[in-house]
Amino acid sequence: MAVFLLRRLLLAIPMVLGVATLVFLVLEVAPGDATARYAAPGVAPEALEQMRRNMGLDRPAGERYLRWMGAMLRGDFGVSLSRNEPVREVLAQTLPNTLLLSATALILAFGGGILLGTLQAVRAGGVVDRGISITTLLFYSMPSFWLALMLILVFSVQARNVWDWPFWFPASGMVSLDHGFLGSREQILDRIRHLTLPSVSLALVLAAGIARYMRASLLEVLSLDWVRTARAKGIPEWRVVVEHAMRNALGPVATLFGLYLPVLFSGTVVIETVFAWPGMGKLMVDSIFQRDTPVVLAAAFLFALLVIVGNLVADLLHALLDPRIRPAARAR
Amino acid sequence: MTLLEVQGLRVAFGKGPDAVEVVRGVDFCVGEGEAVGMVGASGCGKSVTALSLMGLLPPRVSRVSSGSSIRFQGRELVGMPARRLRRYRGRGIAMVFQEPMTSLNPVHSVGRQVAEAVRAGGQVRSRREAWARAVELLAEVGIPDPGRRARDLPHQFSGGMRQRVGIAMALAPDPNLLVADEPTTALDVTIQARILELLEALLASRDMSLLLISHDLAVVARSCGRVLVMDGGRLVEEGPVEALFSAPRHPVTRTLVEAVPGSPASVADAAASPFRTASASFPRGLPSGGEGDGGDGGGDGEGGDGAGGLPILEAVDLVKHFPRSRSPWFTPRRAEASDSPGPGTAPSGSDALRAVDGVSLALHPGRTLALVGESGAGKTTVARCLLRLVEADGGQILFRGRPVGAMAPPELRAFRRQVQLVFQDPSGSLNPRLSVGSALDEVLRVHGLAGDARGRAHRVGDLLERVGLPGGYRSRLPHQLSGGERQRVGIARALAVEPRILICDEPVSSLDVHVRRRILDLLMDLRRELDLACLLIAHDLGVVAELADRVAVMYLGRVLEEGPVERVLGDPRHPYTRALLAAVPRWEPRRPEG
């Protein structure tokens, strides 16, 4: 077990370095640099040149790559060119927000998707199955930014201003302006209300896919011989489904967990921008526009790391679900 | 007193006008403490009948007709709501299924699965007690060291051991009726004998009725007093087992009786009972050309016990070891060979699985060498080594005296064309989307045989005729063929490239008794007409007796005994061969008091 984990982590090192190199190359090829935003009719070209020298942008690309890589390996991500803050601090502010949003979305997506898929498989061919199929397909085929805008329109704008619903959800930020003046219980509620729309719009798209996988996988398992054996024992049907079939059916869904993480993180880039959520996705978009190379590089690096760790978790989930791929319990 | 009474049972699959009636009016009863057998070819409705007893038929696609009646302990089960029916499952009627490999949940320990059945039975409440009872049951069905093994997962058990677990699970709630649906069909013959012994012992020690279902009358005859014969969804004959054997009335019963070694009727078909009558009775086992082994001197001018003449394919001291994975995470799914009798278990301590451990064989044109043994003996690995589909670790393979191991790729391709395979599962080895004609045409095209499209079409017609299929079959798809017809197509495909050697890996073991007969005749004719050298891999000694000239008995990678088929089966020298022969279920009339 420990050997397995260690090996997977060692394998992750070249992957992460590869990702960092790729991102560096892409930014290098892209036109313009961090001084572009200072370029204006009144600014002397010499001043921009001086600025470039100060930032070290006049050095050859190879040298900059090696310096940056070396610093990063020592844990130094450099200084943000647009915020004049250490990149490490910029990330420390945004990473927890992104983790909160993605974790909530993941739980909603997998919880909801597994539940819906199970319901569909148990009632396969019936009205419930078809209804859920159509609904999930609808969400599956929607672009997430558009879905986010529609959710804002319905649950934030119309619900509050036009329909006068007793509940509505804020459409931007993590907390309300008056957050500091609320009691602790209200503060938590306020955060949850802000978290709802972004996490739901992230989760809906994912949940639709998960439900379809879960349905197919559970249907297959339910037709297997040993499910019939379990039924022949005379145990209630819900226990046949939950205790026998579901655990076996979750295998493909655990694989999906690893596959969906990159989808989720690219989703946060869009969703955080739409909902003005101060996370890494929004930071990345802003930094790309500012040509803030150190921040973009560090953020891409972190995302890659998260995806790799997530896939490791997916493998561990597999082992948890299926004892056959656990290391032999006793030496034989 | 009657425990189960089935009247006018009709089961249909499908809906509306497309519905196919699979069970068409079946009446029978099982008395308390009685053991009843049910036999018939596959597709005759045995399993569907069994599943309908417990309401386990797949819902939506199947339907028990309203006129049917299944009365268990006087209560009508047809139309009973699922919630109430569930109480009869397990406790009233328990079931043992055919496939021990797939009928256990792969992610729950066997102890947990048995304990679950114990608790479902309702006598035991606490988990701890249920576990203790599960261990007891595992001991009762003969699992060694049950306390420890109860924690193991199904894949850590061999097929026979898994079937024992399945039986323990069925026994757990103390059922009144045990329905065993082909409980030994998927098992080797020696293990089948042990499972049948176990069922008999359990029947004697418990107050339980048994409905034993099999396609093999011999299996049923052993433990059941009364036998029901099914065909085409109907009960065609019913009676005491002795009466069926002495005077079978229905043709289906007759076929079944004839297939049983030692039965009175099978005297007419002596090839099916070679083990008792030895070398005297081989009218069908040998082609009329008289090229047998038993000192004939005819045919291709060879005589004596050994096969003279030049072998076309020869293996000398073949060795193949598979390394056991040392990965700390992904352990190989290997079943323990703990159900195997004979000389010890797999070599322990070494880090390699000795699949083939010094095997020498020779194939001669126009002759058949049979390789027999239990699963895991290394039979198929030998065949794969011969074709160089896997590289042997040691020894030599000679094709017409030339070492196959030293062949360059073009020569190897030419060699492989000379050697063709016929597989066990005729449906699994045909592409479901390719018609029979195009499957055969493809082979011809790939090998550049029979010229242009017209020439190939002509050749396809020849091939179909050769294997006894009408020319109209070329447009059929595999699912439109019966199992026997599919195997014929498989043979035609092997013959398409005009091979000199045919390797048949369990060619008839997935076929019914009467289909089996015709495929065996076909193989025999082909071998004679085309002068093919055959390597027959089989576990069924009846098939071997009929088809083979020589037989090699394999066990754990070694050939224990080799010789002419009459000698080996009639007068086995190795104790393992004797055990193998003794395990074949056969008809032995009971003594009057029994």
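Protein chains get the first letters and strands the later ones, always in sequence-line order, with residue 1 at the start of each.
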Gln113(B) versus chain A, the contacting section by heavy-atom distance below 4.5 Å: both
Flag side-chain contact, heavy atom, 4.5 Å: Asn105(B) against Glu243(A): no
Check: Thr184(B)/Gln163(B) side-chain N/O donor and acceptor closer than 3.5 Å: no
Structural part of Leu224(A) lying under 4.5 Å from a heavy atom of chain B: neither
Any donor-acceptor pair under 3.5 Å from Arg89(B) side chain to Met54(B) backbone: yes
Portion of Leu153(B) that has a non-hydrogen atom of chain A nearer than 4.5 angstrom: side chain
Most contacts with chain B, counted as non-hydrogen pairs under 4.5 angstrom, among Ala124(A), Ala232(A), Gly125(A): Ala232(A)
Parallel, tilted or perpendicular: ring planes of His244(A) versus Trp226(A), cut at 30 and 60 degrees: tilted
Toward chain A, the part of Leu85(B) with a non-hydrogen atom under 4.5 Å: neither
Greatest number of heavy atom pairs closer than 4.5 Å to chain A - which of Pro173(B), Gly90(B), Ala82(B): Gly90(B)
Glu237(A) and Arg86(B) ion-paired at < 4.0 Å: no
Presence of salt bridge, Arg119(B) and Glu116(B), under 4.0 angstrom: no
Under 4.5 Å from a heavy atom of chain A, the part of Ala94(B) involved: neither
Contact winner vs chain A - Ser103(B), Gly55(B), Ala120(B), heavy-atom pairs under 4.5 Å: Ser103(B)
Any donor-acceptor N/O pair, Arg206(B) side chain to Pro175(B) backbone, under 3.5 Å: no
Under 4.5 Å from any heavy atom of chain A - which part of Pro106(B): both
